[in-house]
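In what follows, a structure is listed as structure tokens, so that the remarks can point back to it.
Every chain is numbered from 1, with letters handed out A, B, ... down the list of sequences. Bear in mind the structure is a predicted one, so any value in this text is a computation, not a measurement.
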Amino acid sequence: MKRKQLSAALLAATLLPATVFAGEVEVLHWWTSGGEAKSVAELKKMMTAKGDNWKDFAVAGGGGDNAMTALKTRVVSGNPPTAAQIKGPAIQEWGAEGVLANIDAVAKAEGWDKQLPPVVSQVMKYKGQYVAAPVNVHRVNWLWVNPDAFKKAGAKVPTTWPEFFEAADKLQKAGIQPIAHGGQPWQDATLFESVALGVGGPAYYKKAFVQLDQATLAGPTTLKVFETLQKVKTYIDKGAAGRDWNLATAMVINGKAGMQFMGDWAKGEFTAAGKKPGKDFLCVAAPGTAGSFTFNIDSLAMFKQKDAAAQKAQADLAETVMSKNFQEVFNLNKGSIPARLDTPMDKFDDCAKKSKADLTAASKSGGLVPSFAHKMAMPSATEGAMDDVISQFMNSSMSPKTATERLAKAGKVH
Amino acid sequence: MSSSQSQASLSALADRWLPKLVLSPTLLISLVFVYGFIAWTGWLSLTESRLLPQMDLAGLIQYQALFENDRWWTAVANLGIFGGLFIGCTLAVGLFLAVLLDQKIRSEGTLRTIYLYPMALSFIVTGTAWKWMLNPDMGLQKVINDWGFPDFTFDWLVDPDKAIYTVVIAGVWQSSGFVMALFLAGLRGIDDSIIKAAQVDGASLPVIYWRIIIPSLRPVFFSVLLILSHIAIKSFDLVMALTGGGPGTASDVPAIFMYQFAFTRGQLGLGAASAMMMLMTIVAVLVPLMYMETRSAKRG
């Protein structure tokens, strides 16, 4: 009798994990800071409500580099998580390794093709099939402005490059640092791509940084971009080297600096400091980029799962991520805007509403371009080589001509 | 009779096999996890591996790509500057401190602890602390400016041409206490009678140090050189915390290069090639040193 009970218990113990972990989703991400962590907690809540088990796999630090290393280890050992925060062309790279799951069934049933701008859905597909779900859209080509500083200097908020330099001169005369910048390679690249889009326009941008066309990269427009950047450089203080982006934002917040080129995550810093958009700070498109939109999209790429319950849970996850409800909550916390175009925007602030309107307009006019500084446009090897050239240009007396030649050479790396 | 015989043969067997048996697990672990992985990295450096390892040999293309990469040569040049100055200055400062402390002064224990303490910090902490101190907007420069010297500038940290020297400063500060402790131990190990004999012959203290004591510290020099050169070649955390390899890529070193290309840029093969080059550098330093040391040991 006793033995029977024991063996029953043993049997239960061996079977139990299989049943308990059947509908488990494990999501690898690096959303670990305040607002981001809140957003993830929301996703967890929604998944648990659907009866799936949530297993958090957060790897902090290094802008996701650490997380990617952890992911590689897991995939190589044949035990990938359900989904991982992978974005841009990296989705294609992982797809080429043959480890991503096809979630077309969910996408078809939910009509993702209608809800996403075509440029965005392209990024989520590998060989025409959905392998990832977008969670948000960040706009990168923003210029953050301190209106009080501008008033003090008697300057006008710029919309073109000549106006920009005029305003910068006035700020400098008034003793205000015109541009707050952090001299880290990715910030240099962020500044560069806003200048490139403003000077060259979306058609040039796409040809140079998406198609990596050699003639365009080595051409006169790139030279003009570097010449403009060289002029922009003179309005940046020497202490910028190595400064974190949020410290640069703080300079705009407290009026030490007038403007900052940064994506919409900077908004979080302003609102955390109790500032109101439109009153204490302004969000305007970077000079010359009003009709365009440089996007940086976070997405969850789905990995192939062996057992059926895990596949079911994965489908649940994909469905939840693309639900209006999740898109709204997640992006309210994170400062970005929903990837799903039909998400209601009434709870969002003015910057986000403007971002959404520009996204919709740019998507129709062809002004919607991927941000290469944020790993959306080109393979990581090419992007790295370009970042090297740009940050060397920003931190040396390299001439625009040499920089153009080197950038074209970097475009060949892949 | 026969039982004691078998016992004897058993103990002989144990004598012969026990040491090997005891050493084998560590040997095996080292073989697999050190030399095995070195071999694997070497193999990877000969493949076209991108995001994940691939196993088909592709010849020396990664080395070719590495030698054509400007950034690699910046990193190598920086390693030369940093390695040379770091080892040189740390040796000099460490030896100088050790000689000073060797003068039978009071409260030597306390002083030794003070000098040695930086070694207890990690390079990350050292790097972060010095990053603040050397930052022209809030560190040394600002303090001295506020004292009434508005023209004083010390902005090496944000100057692309000089950033690597700030890494030397922080590295020397971190390691010289440790080197001092090694030298001090060496100094204390020298036979007093030789020094007394020299004193009887009328040699001055500097001469005694220069002609007798420092030459007899040869084995200590060997260990210190060995330790410092591998710290220099593998240095990653200090540079990462202090300058982040910047401004731009101005203070890049091979270890950062390897990490970025292998793990963040999806160029595993190229990263492996750069790792192999670092290994070669260590071997190039190590082999002559070992050779010199074993030869002198034989002579002695």
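- Between B:R265 and A:D387 there is no salt bridge, since none of the side-chain N atoms of the basic residue sits less than 4.0 Å from a carboxylate O of the acidic one.
- A heavy-atom distance below 4.5 Å is not found between the side chains of A:P185 and B:T249.
- Atom CZ of residue B:F261 and atom OG of residue A:S380 lie 10.5 Å apart, to the nearest 0.5 angstrom.
- The environment of B:E48 atom CD is sparse: at most 12 non-hydrogen atoms of other residues, nucleotides or ligands sit within 6.0 angstrom.
- Interface remark: of the candidates A:A240, A:S391, A:S396, A:S391 forms the most heavy-atom pairs closer than 4.5 Å to chain B.
- Across A:D188, A:N395, A:T69, the residue that shares the most heavy-atom pairs under 4.5 angstrom with chain B is A:N395.
- Counted within 6.0 Å of CH2 on B:W73, heavy atoms from surrounding residues, nucleotides or ligands total more than 12; the atom is thus considered enclosed.
- Heavy-atom distances place no part of A:A90 under 4.5 Å from chain B, backbone and side chain included.
- Taking each heavy atom of B:D155 and A:K238 in turn, the nearest pair found is OD2-NZ, 2.6 Å.
- Atom NZ of B:K142 has 12 or fewer neighbouring heavy atoms from other residues, nucleotides or ligands inside a 6.0 Å radius.
- For the pair B:A262 and A:K72, the tightest heavy-atom approach, listed with the atom from each and the gap, is O-NZ, 4.1 Å.
- For B:P53 against A:V76, the heavy-atom pair with the smallest separation is CD-CG2, 4.3 Å.
- The local environment of CZ in B:F152 is crowded, with over 12 non-hydrogen atoms from other residues, nucleotides or ligands closer than 6.0 Å.
- With a 6.0 Å radius and a threshold of 12 heavy atoms from other residues, nucleotides or ligands, B:W156 has its CH2 atom at or below the threshold.
- Within a 6.0 Å sphere centred on CZ of B:F67, heavy atoms belonging to other residues, nucleotides or ligands number more than 12.
- Separation of atoms NZ (A:K409) and CG (B:D70) is listed at 5.0 Å; rounding is to 0.5 Å.
- Once rounded to the nearest 0.5 Å, the distance linking CE of A:M68 with OG1 of B:T264 reads 11.5 Å.
- Around the CZ atom of B:F154, the shell of radius 6.0 Å holds more than 12 heavy atoms that belong to other residues, nucleotides or ligands.
- Heavy-atom distances place both the backbone and the side chain of A:E93 under 4.5 Å from chain B.
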